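Presented below is the structure to which this report refers.
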Amino acid sequence: MLQQLANGVFTGSIYALFAIGFTLVFGILRHLNLAHPAVFTAGAFVGIEVATRTAIPVWILFPVVAVFGALAGVLVERIAFRPLRGRDDEHFAGLISSVALGGVVIALLQARYGTEPQSFPREYFPNQLFEIAGIRVTLTQLVTLGLALVLMLGLAWLVSATSLGRAMRAVAENPTAAQVVGVNVGWVTAGTYAMSSALGTVAGALLALNLGQAGRDLGASIELVGFAVIILGGLGSLWGAMAAGVILGLAEALTITYFDSTWKGLVAFALLFAVLVLRPRGLFGHVKVREV
């Protein structure tokens, strides 16, 4: 029982890190970036290739993957969303454009790596086994949880306590008013996408490191889980996405413990349905009141 709960926390931390990418962009810009799962997958493949070609230590690998993700995020914003700015159907058109761009990214990955899964070099990372209070955990799981917590808490601090975070909150509240008082909305938009995709690519590399390999469907396998996390936590809530990721990971672990692993895929949909019926705003969502 405790072992499964621990596994659920480790899995949930990756879910949360992935979902925060969705949440950050949606919460600030009201864009639903459906290219995010493809960027997540690209992060896994890039991490494997960098590790294979250079054999750099894992603590250098993840900053490299994050830089790649930040650049990819800027390109996603420039290609899929910026040309559509100002249109009446900007948000819907951007959603469709990001789906198309995501398909292009997956096609490029296939052209580069083929159709077979790619694997980290054997013995790239020492996967030592530890036993803590009767719970068996691997070094990979500990690194995954620690890095996910550092990144999530660091992002929460940046958004709440820095000048960039204040600018992001101003753009989220009213982009036009933010521009009037001197906020560079273009830079904030690009920075939001860069941070979102950097987190997504690191999450992809972490998942690939835990699995030992990555396939082209890696992002697709977690995409619906990401949607469930952001709705469960509350649209636009960073803290909600963090908590909901762990909750979903624990729910899957309990399902495996008391039922069967084949039922695991239904957990996200069941929780999503329950939240939409009982609390449409999500666990940490709130109703905005608009004065007229």
Side-chain angles (χ1 to χ4, degrees), residues 17-43 46 63-105 108 151-204 219 226-227 230 234-241 288 290:
L17 200 58
F18 171 80
I20 281 176
F22 273 133
T23 300
L24 187 65
V25 170
F26 184 84
I28 294 173
L29 304 172
R30 291 297 181 264
H31 293 166
L32 190 56
N33 175 23
L34 293 185
H36 190 65
V39 173
F40 170 88
T41 304
V46 168
V64 171
V65 171
V67 170
F68 163 79
L71 294 174
V74 173
L75 286 176
V76 168
E77 191 272 330
R78 293 273 180 164
I79 295 171
F81 290 93
R82 185 166 295 194
L84 304 174
R85 186 181 297 170
R87 288 178 41 161
D88 292 337
D89 62 345
E90 173 184 347
H91 297 295
F92 180 73
L95 185 150
I96 300 301
S97 178
S98 67
V99 170
L101 183 58
V104 170
V105 171
L108 290 174
L151 290 175
M152 289 187 290
L153 294 177
L155 177 65
W157 171 81
L158 184 147
V159 171
S160 63
T162 67
S163 57
L164 175 58
R166 287 191 290 272
M168 293 168 72
R169 297 199 307 274
V171 171
E173 188 65 30
N174 190 318
T176 303
Q179 192 164 19
V180 168
V181 298
V183 174
N184 190 324
V185 176
W187 277 105
V188 170
T189 300
T192 300
Y193 272 92
M195 285 186 283
S196 166
S197 293
L199 291 172
T201 51
V202 170
F227 283 129
I230 62 174
L235 292 175
S237 171
L238 294 179
W239 291 107
K288 290 187 176 181
R290 185 182 298 274

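Just so we're clear, the structure is a prediction, and the values are computed from it rather than from any experiment. All residue numbers refer to positions in the sequence shown, counting from 1.
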For this session: State whether the number of non-hydrogen atoms from other residues, nucleotides or ligands found under 6.0 Å of Asp88 atom CG is greater than 12.
Result: no
Exercise. Under the 3.5 angstrom rule, does the side chain of Ser97 hit a backbone N or O of Ala93 as a donor-acceptor pair?
Worked result: no
For this session: Decide if atom CZ of Arg78 counts as having more than 12 heavy atoms of other residues, nucleotides or ligands within a radius under 6.0 Å.
Result: no
Problem set entry | Minimal non-hydrogen separation, Ala19 against Ile230, with atom names | O-CG2, 3.5 Å
Exercise. Are any side-chain N or O atoms of Ser98 and backbone N or O atoms of Ala80, one a donor and one an acceptor, separated by less than 3.5 Å?
Worked result: no
Exercise. Within 45 degrees of the axis of the six-membered ring of Phe26 and under 6.0 Å from its centre: does Arg30 put its NZ or CZ there?
Worked result: yes
Problem set entry | Shortest non-hydrogen separation from Phe40 to Gly200 and the atoms involved | CD1-O, 3.2 Å
For this session: Please work out which of the three classes, parallel, tilted or perpendicular, describes the rings of His31 and Tyr193, given edges at 30° and 60°.
Result: tilted
For this session: Answer yes or no: is there a donor N or O on one side and an acceptor on the other, between the side chain of His36 and the main chain of Phe18, under 3.5 Å?
Result: yes
For this session: Answer yes or no: is there a donor N or O on one side and an acceptor on the other, between the side chain of Thr201 and the main chain of Val65, under 3.5 Å?
Result: yes
Exercise. At what distance, to the nearest 0.5 angstrom, does CG of Leu32 lie from CZ of Phe92?
Worked result: 11.5 Å
Problem set entry | Exercise: identify the closest heavy-atom pair between Leu199 and Ile20 | CD1-CG2, 3.6 Å
For this session: Enter the distance from Trp187:CH2 to Leu164:CG here, rounded to the nearest 0.5 Å.
Result: 11.5 Å
